[in-house]
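Okay, so here's the structure we're looking at.
These numbers come from the heavy atoms of this one structure, side chains and all, not from hydrogens, waters or symmetry mates. Lettering follows sequence order; numbering is per chain, from 1.
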Amino acid sequence: MTVPGPWYLVLAAVLFSVGATGLLVRRNILVMYMCIELMLNSVNLTFVTFARMLNDLGGQDSVFFVLVVAAAEVVVGLGIIVAIYRRRSGATADDVSSLKG
Amino acid sequence: MLLAASNAASTSGADLANASAWAVYAVGATISMLGAFGVVLLRNPVHCALSLVMTIFGIALLFIDESADFLAAVQIIVYGGAIVILFLFVIMLLGVDRREPRRQDKMRGLTPVAIVVSLVALISLLVLTQVRFWATGAKASTEALNGPGENVQKLGQSIFTAYLLPFEMTSALLVIAVVAAVVLVRRGPQSGPETQRKTAARPPTSQESHRPGTPVR
């Protein structure tokens with residue numbers, strides 16, 4: 001016996017919104033990145049919930065691939081962040097505006 | 001929401017299994033929500049990373065509850081054990097664990113707008129969860145979740161048969177990501193040993209001098 005699926009979907013939606021809020025509000029690039037991970041996690045929860053609701057293993061397969069892609073994405077993203085911080089100290093997202101011209 | 005609430009009222013009877021299922025859900029939801037608010041609200045990036053670990057553990061608990069055993073283990077190993085540690089490494093490496101200054105921010109006035117945008121997103125997501133008939137019924141995989149065999153076995157069979165090509169492509173993706181990380185973090189070829197000699201000779205820059213813990217050269 002498990003809690004009905006909509007409860008999990010609602011929880012995942014709330015987690016996603018909290019992550020989106022953090023991504024928009026915070027200025028520290030690393031914390032913004034953590035908020036992206038939060039959003040990815042909530043989507044994983046949605047996938048697993050639909051796998052259970054629809055009795056289909058495809059949702060869990062998707063989560064597996066999301067995990068792999070998230071790992072690759074974190075490696076590249078943190079590399080970019082390290083490269084940015086190396087050029088200027090204490091860079092927040094607002095300071096990285098060289099492309100503004 | 002109303003539908004979910006009525007579901008709750010009808011299913012959360014005195015049944016012990018029901019009660020324990022709701023207890024597991026409540027614990028997992030509480031842990032993950034507390035961690036999520038910690039990530040967004042705490043000022044110190046290290047605390048944010050630890051809150052992220054908390055969220056990951058809560059979600060892993062919910063994964064186990066939803067019979068995704070393998071994914072729960074991978075979630076803890078990959079997210080809690082690798083990704084967050086990588087975040088902490090970068091935080092320590094760059095010395096950015098200072099508190100975020102509440103300085104005059106040009107975009108400060110846009111914070112309420114950001115919160116409103118997120119609330120709109122939340123409401124639309126909640127509406128979407130109540131739309132019941134968007135599933136076409138077509139199966140994404142050949143395996144049923146409740147079929148015979150363990151979860152790990154079924155997931156492995158599915159990945160190595162139906163999803164073999166994507167699986168092989170993820171290996172290429174990981175190799176590309178590793179190469180990209182090396183290329184990004186390495187100092188460029190023009191700033192090779194020559195500039196390193198220069199940096200060793202020159203006095204510390206302003207970037208180095210005000211970083212705490214850096215020995216004065």
Within residues 79-89 of chain B, contacts to chain A at heavy-atom distances under 4.5 Å involve B/Tyr79, B/Ile83, B/Leu86, B/Phe87
Item to complete: Give a yes or no on whether B/Glu168 atom CD has more than 12 heavy-atom contacts from other residues, nucleotides or ligands under 6.0 Å away.
Response: yes
Taking A/Thr49 for the side chain and A/Leu45 for the main chain, is one N or O donor matched with an acceptor at less than 3.5 Å?
yes
Looking only at heavy atoms, the pair that brings B/Ala21 and B/Asp65 closest together is O-OD2, 4.2 Å
Most heavy-atom pairs under 4.5 Å with chain B, out of A/Val48, A/Val76, A/Val74, A/Val75, belong to A/Val48
Problem - Main-chain N/O of B/Ser67 paired to A/Arg52 side chain as donor or acceptor, under 3.5 Å - result: no
Okay, A/Phe16 and chain B: the region with an atom under 4.5 Å from a heavy atom over there is side chain
Within the structure provided, determine whether A/Pro4 and A/Met53 are in side-chain contact (heavy-atom separation under 4.5 Å). no
On a heavy-atom basis, the closest approach of B/Ala60 and B/Ala72 is O-CB, 3.5 Å
Tightest non-hydrogen contact, residues B/Leu122 and A/Ser17, listed as CB-OG, 3.0 Å
Cut-off 4.5 Å, heavy atoms of chain A, and the answer for B/Ser32 is both
Heavy-atom closest pair (A/Ala51 atom, A/Gly59 atom, distance to 0.1 Å) is CB-CA, 3.9 Å
Ranking B/Ser20, B/Ser124, B/Ala121, B/Ala68 by heavy-atom pairs under 4.5 Å to chain A gives rank one to B/Ala68
Residues B/Phe70, B/Phe63; criterion ring pair (Phe, Tyr, Trp, His ring centres under 6.0 Å); working and verdict: CA-CA 9 Å; B/Phe70 176 72; B/Phe63 277 4; over 10 Å; no
Of the listed B/Ala29, B/Ser51, B/Gly28, the one with the largest count of heavy-atom pairs under 4.5 Å with chain A is B/Ala29
Most heavy-atom pairs under 4.5 Å with chain A, out of B/Leu155, B/Val182, B/Val117, B/Ile176, belong to B/Leu155
The interface call for B/Leu41 against chain A, heavy-atom contacts under 4.5 Å, is backbone
Can you check whether B/Leu61 reaches B/Val27 side chain to side chain, under 4.5 Å on heavy atoms? yes
By side chain to side chain contact (heavy atoms under 4.5 Å, CB included), B/Val185 pairs with (sequence neighbours left out) A/Val82, A/Arg86
Looking only at B/Thr170, B/Leu71, B/Ile56, most heavy-atom pairs under 4.5 Å shared with chain A are made by B/Leu71
For A/Ala70 and A/Glu37, the nearest pair of non-hydrogen atoms, with its separation, is CB-OE1, 4.3 Å
Q.
Is it the case that atom CZ in A/Phe65 sees more than 12 heavy atoms from other parts of the structure closer than 6.0 Å?
A. yes
Of the listed A/Ile81, A/Leu11, A/Asn44, A/Val69, the one with the largest count of heavy-atom pairs under 4.5 Å with chain B is A/Leu11
Turns out that what part of A/Ser62 lies under 4.5 Å from chain B's heavy atoms comes down to neither
Most contact-rich option vs chain B, by heavy-atom pairs under 4.5 angstrom, among A/Val18, A/Val14, A/Ile80, is A/Val18
Pair count under 4.5 Å, heavy atoms only, with chain A: among B/Val113, B/Val183, B/Leu52, highest is B/Leu52
Most heavy-atom pairs under 4.5 Å with chain B, out of A/Gly5, A/Ala12, A/Ala72, belong to A/Ala72
From the list A/Leu23, A/Val68, A/Asn41, A/Leu38, the residue making the most non-hydrogen contacts under 4.5 Å with chain B is A/Asn41
